[in-house]
Asker: 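This is the structure I want to talk about, given as structure tokens.
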Amino acid sequence: MSAVFPAGQGGGRAHKPAHTPAQEPAPQHTKKRAARRVLPGFRLTLSYTLLYLVLIVLVPLSALLFKTSTLTWDQFWLAVSGPRVMASYRLTFGASLFAALVNLVFGLLLAWVLVRYTFPGKKIIDALVDLPFALPTAVAGISLTALLAGNGWIGQYLEPMDIKLAFTPSGVVIALIFVGLPFVVRTVQPVLEDMEKELEEAASSLGADRWQTFRRVIFPTISPALLTGFAMAFARAIGEYGSVIFIAGNMPMISEITPLIIIGKLEQYDYAGATAVAVVMLVISFVLLLVINALQGWQRRRAGG
Amino acid sequence: MAESSKDPRKIRRAQSDTTEAPWVRYTLITVALTFVLLFLVLPLAAVFTEALRKGFGAYVDGLREPDAWSAIRLTLIVAVIAVPLNLVFGVAAAWAIAKFEFPGKAILTTFVDLPFSVSPVVAGLMYVLVFGAQGWFGPWLQAHDIKVIFAVPGIVLATIFVTFPFIARELIPLMQAQGNDEEQAAIVLGATGWQTFWHVTLPNIKWGLLYGVILCNARAMGEFGAVSVVSGHIRGQTNTIPLHVEILYNEYQSVAAFAAASLLAILALVTLVIKSVVEWRNEKELAASADLPMEAPQAASPVFPGGVTRSTAA
């Protein structure tokens with residue numbers, strides 16, 4: 001790594017003709033800087049990054065916070081704690097938590113099956129796992145609704161059993177399972193792939209059965225990734241809008257999610273109220289983002305150590 | 001090793017120590033595949049069957065109405081603006097963050113990630129508060145007769161916001177893993193910064209870059225929540241394909257709604273195919289560079305430091 005002429009020389013990419021044949025090697029006076037920053041473009045790229053970040057993210061973000069600061073505490077509290085809003089928090093968080101738990105279990109199972117076993121069509125399944133990232137949420141929403149409605153492919157078998165999924169809170173959970181599905185799979189999969197077989201061999205030669213090996217050896221190794229994926233799926237589910245509104249039925253107090261409350265307030269030109277609820281959601285997103293960052297740090301340390 | 005591997009019984013014994021009994025394997029595979037069938041395959045298949053429910057003619061009719069066309073056009077315009085802007089930002093941010101050390105880097109990285117965790121609806125609302133009639137620039141924009149909210153610029157801005165981190169996220173870990181050695185060598189040998197980026201960095205990151213771009217594009221074309229807040233749903237003017245789908249669906253024009261949705265589903269499938277090809281190419285290239293003569297990573301041999309750099313980039 002410390003070689004003066006590293007991989008580029010032997011890697012087959014140095015055969016391109018030099019484009020500045022006349023240029024001399026770096027003269028003496030740049031050496032001091034070169035010791036730390038040989039590469040150019042730091043100032044340019046960093047200032048562009050900051051400018052773009054400020055314009056696209058930070059200005060709108062501060063508009064939201066500024067709007068909130070024009071509210072008195074009582075106004076704010078009234079907007080974020082009405083019974084309809086409270087019911088929406090319960091649904092959003094309950095359904096998101098439930099969906100993330102389902103994804104935790106099935107995401108681990110899917111990652112395990114994809115890494116450890118071979119079966120026909122494995123590559124297609126592996127590619128398909130990313131579908132919820134690629135398929136627009138509105139499409140997922142109407143499609144899941146069509147499946148689960150009384151005359152749908154799945155709904156027609158559930159209706160005689162008196163199970164209703166579409167237009168109920170259960171429908172919300174199903175939509176959120178769909179949107180959060182890839183997270184756990186994609187965080188756990190690489191960790192499972194990198195795991196050293198020797199550890200498992202050692203465990204088994206010391207007399208552990210397969211389940212003990214999984215619980216004591218494999219599970220501790222993948223648990224940071226598992227938790228990261230879970231937190232990501234949960235965070236994604238809380239903010240989700242497009243796939244949920246079609247399947248939820250959107251009945252106040254029963255199947256109305258928090259993002260829809262914001263839309264409802266906006267449609268009544270209650271900008272202050274919408275902003276107050278949005279700030280609550282934003283704070284929760286921030287906290288989750290920090291948790292995810294901390295989990296990823298833990299995962300890296302685990303992988304490095 | 002060589003001796004024991006000749007005994008088939010020993011192989012089986014060794015394998016059974018690190019894998020499960022066949023019935024466990026098959027049960028797990030079956031459960032996983034059922035889950036995939038229910039949650040991924042059926043929703044995807046339903047889009048196309050619903051779209052073709054009344055035959056191919058009705059499907060094409062649904063796509064040929066002028067409102068559908070204007071939605072397709074607007075979606076393409078939005079993607080053509082938003083994706084390149086985020087591409088330039090992604091490359092610049094990845095260069096600054098991956099190649100240099102500076103104070104506040106962790107905070108900057110967190111801020112780059114932020115749009116991922118903000119609800120799309122909240123994102124849309126933020127832009128309404130900046131550019132809307134009640135917002136910061138609202139009166140000024142009105143005085144100059146510029147429409148941002150409930151018009152195309154607002155849709156573009158909201159889309160840029162929600163797809164903001166995609167390319168940067170893809171590139172930062174990739175460029176960090178590759179380190180600075182190759183670029184430093186190029187600079188020392190007299191290449192300009194731009195040449196270094198173009199001939200050294202870009203070939204190394206091209207697959208990750210392509211993957212980031214197609215994911216960013218898929219999200220840009222399919223974004224619903226944020227765009228829904230800023231669009232105003234003016235038919236034939238500010239409806240993107242996802243919003244067009246919503247309107248048709250709510251009007252019980254199921255076939256037309258699913259026909260428009262099928263376009264987005266095809267886009268999603270194309271995205272997944274490109275992604276798989278990219279991954280496959282990437283693996284092949286890594287395998288090829290690991291096989292280079294004298295550079296095979298023989299337990300990180302210190303004699304060939306360059307070879308180790310390349311192969312650890314995996």
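As a basis for the values below, the full set of heavy atoms in this structure was taken, side chains included, without hydrogen atoms, waters or symmetry mates.
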Asker: Is chain A contacted by the side chain of B:E246, its backbone, both, or neither, given a heavy-atom distance below 4.5 Å?
Answerer: both
Asker: Chain B heavy atoms under 4.5 Å from A:L61: which part of the residue, side chain, backbone, both or neither?
Answerer: both
Asker: Using non-hydrogen atoms and a 4.5 Å limit, figure out which bit of A:I125 sits close to chain B: side chain, backbone, both or neither.
Answerer: side chain
Asker: Give, as side chain, backbone, both or neither, the part of A:L288 having an atom under 4.5 angstrom from any heavy atom of chain B.
Answerer: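 The answer is neither part of A:L288.
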Asker: Compute the ring centroids of B:F35 and A:F106, then answer whether they are less than 6.0 Å apart.
Answerer: yes
Asker: Against chain B, label A:I142 side chain, backbone, both or neither, depending on which of its atoms sit under 4.5 Å from a heavy atom there.
Answerer: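 For A:I142, the contact with chain B is made by backbone and side chain together.
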Asker: Suppose we call two aromatic rings close when their centres sit under 6.0 Å apart. Are A:Y52 and B:F164 close by that rule?
Answerer: yes
Asker: Kindly state whether the ring of B:Y249 and the ring of A:F246 have centres lying under 6.0 angstrom apart.
Answerer: yes
Asker: Could you look at B:E50 and say if it's the side chain, the backbone, both or neither that has a heavy atom under 4.5 Å from chain A?
Answerer: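 It is the side chain, since no backbone atom gets that close.
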Asker: For A:I292, which atoms come within 4.5 Å of any heavy atom of chain B: side chain, backbone, both, or neither?
Answerer: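 Interface part for A:I292: neither.
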Asker: So which part of A:I245 gets closer than 4.5 Å to some heavy atom of chain B, the side chain, the backbone, both or neither?
Answerer: side chain
Asker: Could you look at A:A127 and say if it's the side chain, the backbone, both or neither that has a heavy atom under 4.5 Å from chain B?
Answerer: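 Both parts, backbone and side chain.
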Asker: According to ring pair (Phe, Tyr, Trp, His ring centres under 6.0 Å), who are the partners of B:F48, at least two apart in sequence or on a separate chain?
Answerer: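 Not a single residue meets the ring pair (Phe, Tyr, Trp, His ring centres under 6.0 Å) criterion with B:F48.
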Asker: What part of A:F286 is in contact with chain B, defined as an atom under 4.5 angstrom from a non-hydrogen atom: side chain, backbone, both or neither?
Answerer: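 Contact with chain B is through the side chain of A:F286 alone.
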Asker: Taking the six-membered ring for Trp, are A:F42 and B:F102 ring centroids under 6.0 Å apart?
Answerer: yes
Asker: Could you check if a side-chain atom of A:I238 sits within less than 4.5 angstrom of a side-chain atom of B:S119, using non-hydrogen atoms only?
Answerer: no
Asker: Indicate the atoms forming the closest heavy-atom contact of A:V129 with B:L40, along with that distance.
Answerer: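 A:V129 and B:L40 have their closest heavy atoms at CA-CD1, 4.0 Å.
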Asker: Determine whether A:L53 and B:L108 make a side-chain contact, defined as any pair of heavy atoms from C-beta on separated by less than 4.5 Å.
Answerer: yes
Asker: Are a donor atom and an acceptor atom from the side chains of A:Y117 and B:E20 found within less than 3.5 Å of each other?
Answerer: yes
Asker: Heavy-atom pairs under 4.5 Å with chain B - which of A:T145, A:L51, A:L55, A:L147 has more of them than the others?
Answerer: A:L147
Asker: Is the A:F66 to B:W136 ring centre distance short of 6.0 Å?
Answerer: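 Ring-ring flag for A:F66/B:W136: true, centres closer than 6.0 Å.
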Asker: How close do B:W95 and A:P40 get, heavy atom to heavy atom, and via which atoms?
Answerer: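 The answer is NE1-O, 3.1 Å.
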Asker: Please state whether the side chain, the backbone, both or neither of A:L46 comes within less than 4.5 Å of a heavy atom of chain B.
Answerer: both
